[in-house]
Amino acid sequence: FSSFVLLTEAAEKSGSLITAGYALEQGKEVMAIPGNINQYNSTGSNNLIKQGAKLVTSVTDILEVIDIENTVQAIQSRIEFAETEIEKKIIELLTNEPTHIDKLIRLARLDISAVNSTLSILEMKGLIKNLGGQYYAKN
């Protein structure tokens, strides 16, 4: 899941431009880093900027789109949405990177049935996602 697409370099007829087109269809922000006007691999990204893609010249431009303050608030509200101490503990242990259930059990110092049932509840609440293979991550 992403809220935007950032093109760093794209030729005039590249797969990156196809991806940017799909992003626009899905209502996502399209951003592009300008390239040297004499380079073939910059033609697509420069044209996207001319067509209205957000010009990116520094990390600040990206942070404005991400709206980092609201992102932090959303993460905090997820933790507050957790109702039990076990739910809070598991949400705090999970990141956006896949974490195996065995590691969660070890870090949370809980039995497997408590962790399994809590993971199911958190998944139903939309706070975490099951990535398969007993790996979980924050939503």
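- Residues satisfying the side-chain hydrogen bond (donor to acceptor under 3.5 Å, both in side chains) criterion with Ser113, sequence neighbours excluded, are Asp111.
- From Ile101, atom CD1 reaches atom CG of Leu119 across 5.0 Å, with rounding to the nearest 0.5 Å.
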Would you please test Leu55 and Ile49 for side chain to side chain contact (heavy atoms under 4.5 Å, CB included) and show each step?
-> CA-CA 6 Å; Leu55 171 67; Ile49 293 167; 3.7 Å; yes
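- No more than 12 heavy atoms of other residues, nucleotides or ligands sit less than 6.0 Å from atom CD1 of Ile18.
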Criterion side chain to side chain contact (heavy atoms under 4.5 Å, CB included) on Glu87 and Lys125, from CA distance to verdict | CA-CA 11 Å; Glu87 288 178 9; Lys125 288 181 176 181; 2.9 Å; yes
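- Residues Ala137 and Glu97 come closest through the heavy atom pair CB-O, 3.9 Å.
- Residue pairs that meet the ring pair (Phe, Tyr, Trp, His ring centres under 6.0 Å) test with at least one member in residues 112-139, sequence neighbours left out, are His100-Tyr135.
- Every residue meeting the side-chain contact (heavy atoms from CB on, under 4.5 Å) condition with Leu107, not counting sequence neighbours, appears here in chain and number order: Leu93, Lys103.
- At a threshold of 4.5 Å between side-chain heavy atoms, the hydrophobic network of Ile, Leu, Val, Met, Phe, Trp and Tyr places Val115 and Leu94 in one connected group.
- Other cluster members for Met124: Ile121, joined by side-chain heavy-atom distances under 4.5 Å among Ile, Leu, Val, Met, Phe, Trp and Tyr.
- Atom NZ of Lys28 is separated from atom OG of Ser3 by 7.0 Å, given to the nearest 0.5 angstrom.
- A 6.0 Å sphere centred on CD of Glu12 holds no more than 12 heavy atoms belonging to other residues, nucleotides or ligands.
- Remark: Glu9 pairs with Asn41 by the side-chain contact (heavy atoms from CB on, under 4.5 Å) rule, at least two apart or across chains.
- In this structure, CD1 in Ile128 is found 6.0 Å from CD in Glu123, a value given to the nearest 0.5 Å.
- Remark: Asn116 pairs with no residue by the side-chain hydrogen bond (donor to acceptor under 3.5 Å, both in side chains) rule, at least two apart or across chains.
- Sorted by first and then second residue, the salt bridge (charged side-chain N to carboxylate O under 4.0 Å, His left out) pairs with a member in residues 49-58 read Lys54-Glu64; sequence neighbours excluded.
- When all heavy atoms are compared, the tightest approach of Val56 to Met31 is CG2-CB, 3.6 Å.
- Atom-to-atom distance recorded for Ser42:OG and Leu7:CG is 11.0 Å, nearest 0.5 angstrom.
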Take Leu110 and Ile105 through the side chain to side chain contact (heavy atoms under 4.5 Å, CB included) test and state the conclusion after the steps.
-> CA-CA 6 Å; Leu110 298 167; Ile105 292 166; 5.9 Å; no
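- Taken from OG1 in Thr99 to CG in Leu131, the straight-line distance is 8.5 Å, to the nearest 0.5 Å.
- Clustering ILVMFWY residues whenever any of their side-chain heavy atoms sit less than 4.5 angstrom apart, transitively, puts Ile112 in the very cluster that holds Leu104.
- The ring-ring contact (aromatic ring centres under 6.0 Å, His included) test applied to Phe4 returns no partner, not counting sequence neighbours.
- Pairs of residues two or more places apart, or lying in two chains, never qualify as ring pair (Phe, Tyr, Trp, His ring centres under 6.0 Å) while including a residue from residues 8-65.
- Checked against side-chain hydrogen bond (donor to acceptor under 3.5 Å, both in side chains), Thr57 has the following partners two or more places apart in sequence or in another chain: Asp61.
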Checking side chain to side chain contact (heavy atoms under 4.5 Å, CB included) for the pair Leu48/Gln51: CA distance, chi angles, key distance, verdict?
-> CA-CA 5 Å; Leu48 271 177; Gln51 295 169 4; 4.1 Å; yes
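- Using a 4.5 Å cut-off on side-chain heavy atoms (C-beta onward), Lys138 and Ile91 make contact.
- Put simply, the side chain of Thr19 gets close to the backbone of Gly15: a donor and an acceptor are under 3.5 Å apart.
- With hydrogens and angles ignored, the 3.5 Å screen pairs no side-chain donor or acceptor of Lys129 with any backbone N or O of Asn139.
- The side-chain contact (heavy atoms from CB on, under 4.5 Å) check on Ser14 picks up Ala10, Ala11, Ser16, Leu17, with sequence neighbours excluded.
- The backbone N or O of Gly35 sits less than 3.5 Å from a side-chain atom of Asn46, completing a donor-acceptor pair.
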